[in-house]
Amino acid sequence: MTNPTPKHIYEAAIHTSGHLAAHNWSVSLRPRRRSIGITIEPGGHIVIAIPPTAPAERLTDFIGKKIHWIDSHVDTSRSNAANPREVFMKPSEGFSFLGRGHLLRPVDAEHVTAERQPCYTSWYLNVPRAKLAAHDPAPVIEWYKTEGTRWAQAQATHWLPLLRHRLSATPSVRVTDLGKRRWGVYRTKRHAVELHWTLFQLPPDLVESVLVHELVHATRPAGTAHGVEWQRRMSAVMPQWRRTQKLLNEEGRKVWTGEVKSEPATVPTRTG
């Protein structure tokens with residue numbers, strides 16, 4: 001059995017090769033991998049996944065052959081870097097849910113989540129007065145999860161018949177917090193589709209594309225995660241998925257991610 005190579009050996013080889021001198025990168029040893037892989041994270045950081053028995057020379061040769069691909073994708077990732085919307089959690093501030101506007105309104109209530117109420121062509125998003133005064137985003141985030149789950153489960157019923165012949169059982173669908181790197185995920189062990197709550201600030205067609213994306217994963221196509229078979233099944237039910245994916249990458253970087261910004265203190269002006 002081949003002894004594993006220490007991480008610092010791979011790092012030294014990459015430094016010596018000079019291939020990634022213009023980039024930020026890190027090495028991740030993956031004992032279960034059989035081949036070297038490269039991931040470009042949002043903002044352009046490069047993660048090199050290496051099986052710890054791979055020769056260091058093979059690693060540098062692999063990076064050298066991929067350098068044009070790396071440069072191109074790093075540039076794209078940097079141009080698509082997140083530029084999230086700033087939120088102050090104050091009365092009359094607007095929030096979008098599937099393309100519909102919602103205005104924050106303080107109310108005397110004890111419920112822990114926000115509740116929406118019709119307001120002419122838009123909606124009020126009623127938030128307990130104490131929560132809004134404290135600039136607490138939790139009620140709004142929980143509301144996105146609840147309303148998003150309700151919408152996603154209803155939409156799934158339109159798509160599941162198209163995939164029924166490939167599903168061993170109907171997957172569960174819910175909206176939760178998936179961090180800042182994923183719009184959705186299929187949990188194989190639980191046979192569950194999960195969508196990120198921030199997604200629901202976008203138009204319905206973009207949200208629906210992520211839902212279908214994960215439902216297709218639930219059919220467990222052969223090959224790699226987004227390989228030929230997955231693409232074939234995705235195209236069969238949603239031919240325009242590549243176009244919506246591009247729009248998602250453009251619009252998704254602008255959504256609110258849950259942080260609350262403090263308003264700058266006003267400086268009194270002197271007169272006279």
Q. Going through the checks in order, is the side-chain contact (heavy atoms from CB on, under 4.5 Å) test met by Met238 and Ser209?
A. CA-CA 8 Å; Met238 183 175 273; Ser209 70; 3.9 Å; yes
Q.
Please determine whether side-chain contact (heavy atoms from CB on, under 4.5 Å) holds for the pair Val87 and Lys261, giving the CA-CA distance in whole Å, both sets of side-chain angles, and the decisive distance to 0.1 Å.
A. CA-CA 6 Å; Val87 164; Lys261 186 175 177 63; over 6 Å; no
Q.
With side-chain contact (heavy atoms from CB on, under 4.5 Å) as the criterion, how do Val175 and Glu194 come out once you've worked through the C-alpha distance, each side chain's angles and the decisive distance to 0.1 Å?
A. CA-CA 6 Å; Val175 175; Glu194 296 180 358; over 6 Å; no
Q.
Assess the residue pair Thr219 and Arg233 against the criterion (side chain to side chain donor-acceptor pair (under 3.5 Å)); give the C-alpha distance rounded to whole Å, side-chain angles, the decisive distance to 0.1 Å, and a yes or no.
A. CA-CA 9 Å; Thr219 68; Arg233 295 185 185 185; 3.0 Å; yes
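Note that the OG atom of Ser262 and the NE2 atom of His135 stand 7.5 Å from one another [nearest 0.5 Å]. Atom CD1 of Ile46 is separated from atom CD1 of Ile14 by 9.5 Å, given to the nearest 0.5 angstrom. Atoms CG and CG, from Leu248 and Leu199 in turn, are 6.5 Å apart once rounded to the nearest 0.5 Å.
Between the side chains of Arg220 and Ser168, no donor-acceptor pair is found at a separation under 3.5 Å. Under the 3.5 Å distance criterion, with hydrogens and angles disregarded, no donor-acceptor pair is assigned to the side chains of Thr176 and Trp197. There is a side-chain donor-acceptor pair under 3.5 Å between His226 and His213. Looking at Glu86 and Trp256, their side chains never bring a donor and an acceptor atom within 3.5 Å of each other. Judged by distance alone, the side chains of Arg150 and Gln155 never bring a donor and an acceptor atom under 3.5 Å apart. Side chain to side chain, Gln117 and Asn126 meet the donor-acceptor criterion of an N or O pair below 3.5 Å. A donor and an acceptor atom, one from each side chain of Arg174 and Gln153, are nowhere located under 3.5 Å apart. Under 3.5 Å, the side chains of Glu259 and Thr257 contain a donor-acceptor pair of N or O atoms.
Residue Leu206 comes nearest to Thr244 through the heavy atom pair CD2-O, 3.7 Å, listed as atom of the first residue, atom of the second, then distance. Pairing each heavy atom of Leu178 with each of Arg187, the nearest pair is CD2-NH2, 3.7 Å. Here the closest non-hydrogen pair linking Leu103 and Gly94 is CD2-CA, 4.0 Å.
Tested against Tyr10 for a side-chain contact (heavy atoms from CB on, under 4.5 Å), the candidates Leu59, Thr60, Ile36 yield a single pass: Leu59.
A perpendicular orientation is assigned to the rings of Trp151 and Phe200, their planes being inclined by more than 60° (bins at 30° and 60°). Ring geometry for Trp183 against His196 counts as tilted: the plane angle lies between 30° and 60°, on a 0 to 90° scale. Using cut-offs of 30° and 60° for the angle between ring planes, the Phe97 and His102 rings count as perpendicular.
Counting non-hydrogen atoms of neighbouring residues, nucleotides and ligands closer than 6.0 angstrom, the CZ atom of Arg34 reaches no more than 12 such neighbours. Within 6.0 Å of atom CG in Asp61, more than 12 heavy atoms from other residues, nucleotides or ligands are found, so the atom counts as buried in its surroundings. The local environment of CZ in Phe62 is crowded, with over 12 non-hydrogen atoms from other residues, nucleotides or ligands closer than 6.0 Å.
The pair Glu250-Arg253 does not meet the salt-bridge criterion, since no charged nitrogen lies less than 4.0 angstrom from a carboxylate oxygen.
Aromatic rings of Trp25 and His45 (six-membered ring for Trp) have centroids beyond the 6.0 Å cut-off, not under it. A distance of 6.0 Å or more separates the ring centres of Trp143 and Trp123.
No side-chain heavy atom of Leu215 sits less than 4.5 Å from a side-chain heavy atom of Leu162.
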